[in-house]
Number of protein chains: 2
Amino acid sequence: MAHRAHIIACAERIFAEHGFAGATMSRIAEAAALPKANLHYYFGTKVLLYRAVLENILTLWLDDMDPITPEADPAAALAAYIAAKMAHSRNRPHASKVFAAELLHGAPELGTYLRLDLRRKVAEKSAVIEGWIARRLIAPVEPRHLFFTIWAMTQTYADFDTQMAAVLGIDKLDAGDYATGTETVIRLVLRGLGIAPAGETEVSDIMTQQRRTA
Amino acid sequence: MAHRAHIIACAERIFAEHGFAGATMSRIAEAAALPKANLHYYFGTKVLLYRAVLENILTLWLDDMDPITPEADPAAALAAYIAAKMAHSRNRPHASKVFAAELLHGAPELGTYLRLDLRRKVAEKSAVIEGWIARRLIAPVEPRHLFFTIWAMTQTYADFDTQMAAVLGIDKLDAGDYATGTETVIRLVLRGLGIAPAGETEVSDIMTQQRRTA
DNA sequence: GTCTATATGACGATAGAC
DNA sequence: GTCTATCGTCATATAGAC
């Protein structure tokens with residue numbers, strides 16, 4: 001139903017801005033231009049609405065890892081993964097913030113998802129990384145910690161955009177800031193894994209390719 | 001006064017676990033083993049107590065950057081900075097989480113600090129990085145984005161420890177996990193900047209040195 | 001300074017008309 | 001399905017005894 005999707009989109013923003021407890025049903029209703037009672041008609045309780053927002057977000061997250069396969073070129077696959085995560089940070093910053101706040105507070109609603117779905121996916125993709133290491137395609141690294149650092153570097157462009165804008169002395173990050181961030185992260189990771197040349201050409205090529213497929 | 005410090009320490013944990021709105025004065029009072037009214041006697045309002053917690057945290061943050069000076073060896077200085085940030089993530093996870101939640105929600109209480117103190121400090125240290133690049137000591141990088149990624153990678157070990165434990169299939173991160181994280185981040189950054197050898201000896205040396213000075 | 005008891009207001013949720 | 005009016009609960013904050 002279109003109404004549910006509209007309420008979820010508005011609730012995502014309010015939850016991102018105020019946190020679960022700080023968001024109120026009447027503020028969400030106001031954002032959605034609906035009476036408060038309608039939210040309860042569609043979702044029952046505040047917690048159930050919050051869960052609907054989280055589930056809506058999760059569908060985005062896992063699929064980003066798909067380019068990481070044993071046959072793929074490590075540099076291209078990792079660059080594509082980083083670029084996809086950065087694109088989400090730019091296009092769905094509220095989603096990233098809701099997810100971050102949920103993790104910060106111990107993942108009360110998402111614990112099971114983390115221990116089952118996410119853990120399985122990371123185990124699978126870590127095996128791919130281990131294979132690349134064994135074949136000497138990339139330098140040795142603990143694969144799960146590699147994922148932790150990639151998630152951190154990419155999601156920080158959504159979660160902590162306020163801090164970045166303050167440090168950069170601007171009101172809001174623009175397209176150029178996200179491009180610089182994407183290049184910075186890709187270069188750190190690829191050179192950190194010993195799979196980027198000293199020159200800058202190759203990373204720029206990957207960036208261009210990413211922009212075409214986005 | 002000792003009472004104030006004790007209340008701030010307990011409040012830090014409750015704010016970290018539940019967020020600003022989700023934390024209640026009575027829960028903080030319970031954690032501090034004091035009647036609720038005493039909190040208001042010492043801090044006036046919930047917002048003022050929250051500000052006291054934040055200010056207490058800020059004193060920790062900025063000083064970590066001090067090893068980054070023009071004369072320092074880039075590899076040693078950056079490794080020391082990363083190790084210091086990782087140590088804070090391990091020893092003061094609640095502080096990191098309170099700070100992260102404040103940023104997530106747009107830094108309503110900390111906006112001025114970010115635009116003045118933090119911005120000035122980052123500008124100063126970015127000039128050091130630019131100097132290293134000009135002298136060909138490290139590969140070119142946008143210095144402020146380098147800081148963004150280092151903050152992200154180190155603070156994620158405090159902020160998202162729940163997610164890491166779930167992915168690793170353990171209850172809680174232990175000393176070995178933080179050590180692996182520190183080595184992973186240091187290697188990514190140093191090799192990403194072209195200042196670490198292919199072998200693993202040098203990073204291990206820095207780790208050992210860090211442990212001695214910690 | 002410390003505590004109990006309470007005033008005041010806002011929140012989530014629902015009843016019930018349309 | 002949609003909305004207005006309202007109930008019960010729990011939060012912050014304070015009054016006032018000790």
Side-chain angles (χ1 to χ4, degrees), chain A residues 1-57 94 97-99 101-102 104-111, chain B residues 1-57 94 97-98 101-102 104-110:
Chain A
M1 178 133 348
H3 278 199
R4 276 182 62 98
H6 175 241
I7 294 170
I8 286 175
C10 296
E12 181 182 285
R13 202 188 84 232
I14 303 300
F15 281 130
E17 287 170 356
H18 302 94
F20 172 76
T24 66
M25 292 300 271
S26 62
R27 223 192 280 251
I28 296 170
E30 190 189 359
L34 284 172
K36 200 174 55 166
N38 290 30
L39 274 54
H40 284 103
Y41 172 76
Y42 281 108
F43 294 94
T45 70
K46 185 184 177 184
V47 169
L48 290 172
L49 170 56
Y50 177 66
R51 286 211 198 118
V53 169
L54 280 177
E55 280 160 27
N56 188 257
I57 293 168
H94 301 315
K97 287 179 179 184
V98 173
F99 188 75
E102 166 71 8
L104 268 186
H105 302 141
E109 304 295 334
L110 268 164
Chain B
M1 174 125 2
H3 278 200
R4 276 182 62 99
H6 174 241
I7 293 169
I8 286 175
C10 296
E12 181 182 287
R13 202 189 83 232
I14 304 299
F15 282 130
E17 287 170 355
H18 302 94
F20 173 76
T24 67
M25 293 298 271
S26 63
R27 222 193 278 251
I28 296 170
E30 189 188 358
L34 283 172
K36 202 175 50 169
N38 292 30
L39 274 53
H40 284 101
Y41 173 77
Y42 281 107
F43 295 93
T45 69
K46 184 184 176 183
V47 169
L48 290 173
L49 170 56
Y50 177 66
R51 286 210 197 118
V53 169
L54 281 177
E55 280 161 26
N56 188 257
I57 293 168
H94 301 315
K97 287 180 179 184
V98 173
E102 167 71 8
L104 269 185
H105 302 141
E109 305 295 333
L110 242 78

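All values reported here derive from a predicted model rather than from experimental measurement. Protein chains get the first letters and strands the later ones, always in sequence-line order, with residue 1 at the start of each.
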Mind checking the CG-NE2 spacing from Leu104(B) to His18(A)? Nearest 0.5 Å is all I need.
-> 13.0 Å

Taken to the nearest whole Å, OH/Tyr50(B) to C1'/dA13(D) is 20 Å

For residues Ala32(A) and His6(A), report the shortest heavy-atom separation together with the two atoms involved.
-> O-CE1, 3.1 Å

Mind jotting down which residue pairs meet the salt bridge (charged side-chain N to carboxylate O under 4.0 Å, His left out) criterion with at least one end in residues 17-46 of chain A? Sequence neighbours excluded, please.
-> Arg13(A)-Glu17(A)

Could you list by number each residue of residues 18-25 of chain B showing a heavy-atom separation from DNA chain C of less than 4.0 Å, or answer none if no residue does?
-> none

Taking only nitrogen or oxygen atoms into account, show me every contact under 3.5 Å that the protein makes with nucleotides 16-18 of chain D, one pair per line with its distance.
none

In chain order, what residues pass the side chain to side chain contact (heavy atoms under 4.5 Å, CB included) check against Ala16(A), with sequence neighbours excluded?
-> His94(A), Lys97(A), Val98(A)

How close or far is atom P of dG12(C) from atom CD1 of Ile14(A), stated in whole angstroms?
-> 12 Å

Nearest-Å distance, CZ (Arg27(A)) to C1' (dA10(C))?
-> 12 Å

What's the shortest heavy-atom distance between Leu39(A) and Ala29(A), and which atoms?
-> CD2-N, 3.8 Å

Between dT4(C) (C1') and Leu34(B) (CG): distance, integer Å = 15 Å

Grab the CG-C1' distance between Leu49(A) and dC11(C) for me, whole Å please.
-> 15 Å

Contacts of His3(A) meeting side-chain hydrogen bond (donor to acceptor under 3.5 Å, both in side chains) (sequence neighbours excluded), chain-then-number -> Tyr42(A)

Min side-chain heavy-atom separation Asn38(A)-Ile7(A) under 4.5 Å = no

Quick one: list whatever passes side chain to side chain contact (heavy atoms under 4.5 Å, CB included) with Glu109(A), sequence neighbours left out.
-> Val47(A), Tyr50(A), Arg51(A), Leu54(A), Glu102(A)

Strand-adjacent residues in residues 35-44 of chain A, judged by heavy atoms under 4.0 Å from DNA chain D | Pro35(A), Ala37(A), Asn38(A), Tyr41(A), Tyr42(A)

Work out which heavy atom in Ile8(A) is nearest to a heavy atom in Val53(A); give both atom names and the distance.
-> O-CG2, 3.9 Å

Closest heavy-atom pair and its distance - Leu48(B), Phe43(B) | CB-O, 3.2 Å

Value for NE2 (His105(A)) from CG (Leu110(A)), rounded to nearest 0.5 Å, stands at 13.5 Å

